[in-house]
Peer 1: 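Below is the structure I would like to discuss, written out as structure tokens.
The analysis underlying the following values was restricted to heavy atoms, covering all of them including side chains, and did not include hydrogens, waters or symmetry mates. Note that ligands are numbered from 1 as they come in the structure, with each ligand's atoms numbered from 1 the same way.
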Amino acid sequence: MRLTRADFPQGFLFGAATAAYQIEGSAFGGAGPSHWDTFAATPGNVVRAEDGSRACDHYHLWQTDLDLMQQAGFNAYRFSTSWARVMPEGRGAVNRDALDFYDRLVDGMLARGLRPFQTLYHWDLPSALADLGGWTNRDVALWFADYAEIITDRIGDRVAAIATINEPWCVAWLSHFLGLHAPGHRDIRAAARAMHHVLLAHGTALERLRGLGRGNLGIVLNFEHAAPASQEPADVLAAATQDAIFNRWFIEGLTRGTYPAEVLAGLGPHMPQDWQADMTLIGQKIDWLGVNYYTRAHHAFAPETAWPHTVTRPGPLPKTRMGWEIYPEGLYGFLTRLARDHVGNLPLFVTENGMADADQVLNGTVNDPVREDFLFAHLAATRRAIADGANVQGFFCWSLLDNYEWAEGYEKRFGLVHVDFETLRRTPKASYHALARALAHPV
Ligand code: IFM
């Protein structure tokens, strides 16, 4: 038996999530260039060098997309506002068309009974700020707070919740240590700085918004279950180190006023001077925490490599088109672990969960049974975490639409709704209809 709305607490929010650069079309409406435009234009970074200039053209088709949200029976929509759209140079001049666009978008959500969950930063750093060092420059915290103030001045009176940053691990580690996302650095000093400045920016913006009377402020972290590749002590240690980098650095910075010793062992010498003095600002109270969860990874000790001396190995479970193992148990694990070890009764939201496949339209329909099973298994894991005491108040599928999957271009389809990137035609997939049936169920 599949779960329905009635299996969740009264008032539980169901929604889908998107991000500006992945759907809007950055060429429209006077947006400035972002570091994703230049990363994508550099050979070898992105599959087929695709970028977000047109994407799903949500900039023009947003009403259709909000209708799809409403027709699915969702009661919340997680979207991001683009810094490069609102402030094309990152600082200074404001693009009035951008403010008008987000104003209409939020009103459109409210008119359809969708609670707007805004994310302030989902990776489109304005190029002018990237030129100044981006996340490696401490000033990014103030630039970000200024942008946060400007956009919330326009729409903050109507949004239900605001997240400062989406997935700091990706902003900092994936992009400055592993080099796989913009700006594509593979540099431990840049990574250490970004790992700290991303939380400093969160704290600075949070303080600014709180001072302006804004409420329901949070942050969205991503978590990945870190398993040892074997039971050898060295592999167990490798998994613990990766767990500390991925799953503990940000939440401990936010809630414990320091970073895990295992990570400081590697990053310590490269950290900004006096980083400890920022931890009170970083550790300010948040009103909710967003949890993005997709998979687990297996880690092995790699003595021949530099710190953190780890490599990943393939796991045994079925995998999605991203090559990610399907492991719903990991979501249960993080929701209960966060409640137990870090945030107590703080409201948690699953702000992203979903999977990529090579979905195709056949005779006007898209069959995606693997995604259906995936989503219902993760909903069941969430329900079990709630029963075991985690205060989870909502679940957002990633994503409403097939969209620009960053370095993977348009090849990996995460949507509940198929998008034909030639015609821009939207076709709801079977998983969309299955969710709509589950949500139509009387409470
Ligand atoms: O598409 C991304 C999203 O932008 C952030 N979280 C993970 C998704 C899938 O990779």
Peer 1: Please say whether Asn403 places an N or O atom under 3.5 Å from an N or O atom belonging to ligand 1.
Peer 2: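 N/O-N/O distance under 3.5 Å: no.
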Peer 1: Give the residue and atom name of whichever protein heavy atom lies nearest to atom 1 (O) of ligand 1, and the separation in Å to one decimal.
Peer 2: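 Looking at atom 1 (O) of ligand 1, the protein heavy atom closest to it is Glu405 OE1, 2.6 Å.
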Peer 1: If you have a sec, work out which protein heavy atom is nearest atom 8 (C) of ligand 1 and how many Å separate them, to one decimal?
Peer 2: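 The answer is Tyr294 OH, 3.5 Å.
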Peer 1: If you draw a 6.0 Å radius around CZ in Arg321, do more than 12 non-hydrogen atoms from other residues or ligands fall strictly inside?
Peer 2: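 Counting neighbours around CZ of Arg321, 12 or fewer heavy atoms of other residues, nucleotides or ligands fall under 6.0 Å, so no.
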Peer 1: Using a 4.0 Å heavy-atom cut-off, which part of Tyr293 comes near ligand 1: side chain, backbone, both, or neither?
Peer 2: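 Tyr293 to ligand 1: no contact under 4.0 Å from either part.
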Peer 1: Is Asn166 close to ligand 1, meaning an N/O of one under 3.5 Å from an N/O of the other?
Peer 2: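 Not met; the criterion fails.
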Peer 1: Should we say atom CD of Gln360 is surrounded by more than 12 heavy atoms from elsewhere, each under 6.0 Å from it?
Peer 2: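 Atom CD in Gln360 is not packed in, count stays at 12 or less.
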Peer 1: Counting from 1, what ligand 1 atoms have a heavy atom of Glu352 closer than 4.0 Å?
Peer 2: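 Under 4.0 Å from Glu352, ligand 1 has these atoms: 3 (C), 5 (C), 6 (N), 7 (C), 8 (C).
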Peer 1: Is there a side-chain contact (heavy atoms from CB on, under 4.5 Å) between Leu105 and Met109 once you walk through the steps?
Peer 2: CA-CA 6 Å; Leu105 190 67; Met109 292 179 217; 3.7 Å; yes
Peer 1: Any chance you could measure Trp123, atom CH2, to Ser175, atom OG, to the nearest 0.5 Å?
Peer 2: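 OG of Ser175 is found 7.0 Å from CH2 of Trp123.
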Peer 1: Does any N or O of ligand 1 fall below 3.5 Å from an N or O anywhere on Trp123, backbone included?
Peer 2: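 No.
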Peer 1: Decide whether an N or O pair under 3.5 Å exists between Trp324 and ligand 1.
Peer 2: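 Trp324 vs ligand 1: no N/O contact under 3.5 Å.
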Peer 1: Run the numbers for me: atoms of ligand 1, each under 4.0 Å from some heavy atom of Phe414, listed by number.
Peer 2: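 Near Phe414, the atoms of ligand 1 are 9 (C), 10 (O).
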Peer 1: Before we go on, tell me: are the rings of Phe117 and Phe349 under 6.0 Å apart, centre to centre?
Peer 2: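 Yes, they do, as the ring centres are separated by less than 6.0 Å.
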Peer 1: Just to verify, what does Asn222 make a side-chain contact (heavy atoms from CB on, under 4.5 Å) with, not counting sequence neighbours?
Peer 2: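 Partners of Asn222 by the side-chain contact (heavy atoms from CB on, under 4.5 Å) criterion, ordered by chain and then number, come out as Glu167, Trp169, Cys170, Phe246, Asn292.
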Peer 1: Quick one: which ligand 1 atoms are inside 4.0 Å of a heavy atom on Trp406?
Peer 2: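 By the 4.0 Å cutoff, the relevant atoms are 1 (O), 2 (C), 3 (C), 4 (O).
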Peer 1: Assess whether side-chain contact (heavy atoms from CB on, under 4.5 Å) is satisfied between Trp135 and His176, documenting all intermediate values.
Peer 2: CA-CA 9 Å; Trp135 291 103; His176 296 80; 4.0 Å; yes
Peer 1: Could you tell me if the ring centre of Tyr410 sits under 6.0 Å from that of Tyr404?
Peer 2: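 For Tyr410 and Tyr404, the ring centres are under 6.0 Å apart.
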Peer 1: When you measure from the heavy atoms of His122 to every atom of ligand 1, does any distance fall below 4.0 Å?
Peer 2: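 The answer is yes: ligand 1 sits under 4.0 Å from a heavy atom of His122.
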